[in-house]
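For ligands, and for the atoms within them, numbers begin at 1 and follow the listed sequence. Just so it is clear, the values below take in all heavy atoms, side chains as well, and ignore hydrogens, waters and symmetry mates.
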Amino acid sequence: MRDLPTLFTALGASRFRSSFKLNVKDQAYLQAKGLPLVLDHARDFIAKRLAPASLPNDGKQTPFRGHPVFVAQHATACCCRGCLQKWHQIPPGRALNPQEQDYILTVLAHWLQYIGSNRPIDH
Ligand SMILES: [Zn+2]
């Protein structure tokens, strides 16, 4: 786990990671549902798609569109256990503990609130 300023500086320097932004539909969804509810969905995605020790589809479990949290996961490298290892120093092969799941949620919340929504709208 990394501190947020260091992490977001590194993500901002990655052309791939910084290319993700919320499209009009994602922004409308976020606004209509509100951040707390969207983060409930994120908590659920983390628990089901990232937290288990073994994920047969790791690297492919996070769609690129369809929910603002999916976009946030790719933008912050919280999309799979491989990226969590590379970017967040969270080792694969074991279940994520509650602190790690909370950390991922905090990272996603920061991106959704401050970064994903402020970018130019992508059609
Ligand atoms: Zn990944």
Self-check item: Hydrophobic cluster membership, L37 vs F45, 4.5 Å side-chain cutoff
Solution: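 They do not share one cluster, since no chain of ILVMFWY contacts under 4.5 Å joins L37 to F45.
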
Quiz item: Can you list the protein N, O or S atoms less than 2.8 Å from the Zn ion (ligand 1)?
Solution: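 N, O, S partners closer than 2.8 Å: C79 SG, C80 SG, C83 SG.
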
Practice problem: Would you list the pairs meeting salt bridge (Lys or Arg N to Asp or Glu O under 4.0 Å) in which at least one residue belongs to residues 91-117, sequence neighbours left out? | Solution: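 As it turns out, the salt bridge (Lys or Arg N to Asp or Glu O under 4.0 Å) pairs with a partner in residues 91-117, which skip direct neighbours, are R43-D102, R94-E100.
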
Self-check item: Nearest atoms (heavy-atom pairs only) where A42 meets L105
Solution: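 For A42 and L105, the tightest heavy-atom pair comes out as CB-CD1, 3.7 Å.
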
Quiz prompt | side chain to side chain contact (heavy atoms under 4.5 Å, CB included) involving A109 - partner list, sequence neighbours excluded | solution =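 Once residues adjacent in sequence are excluded, the partners of A109 under the side chain to side chain contact (heavy atoms under 4.5 Å, CB included) criterion are L39.
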
Self-check item: Residue pairs passing the side chain to side chain donor-acceptor pair (under 3.5 Å) test where at least one lies in residues 65-86, sequence neighbours excluded
Solution: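 For residues 65-86: H41-H67.
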
Quiz item: Okay, side chain of Q101, backbone of L96: is any donor-acceptor separation there less than 3.5 Å?
Solution: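 Confirmed, Q101 side chain pairs with L96 backbone.
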
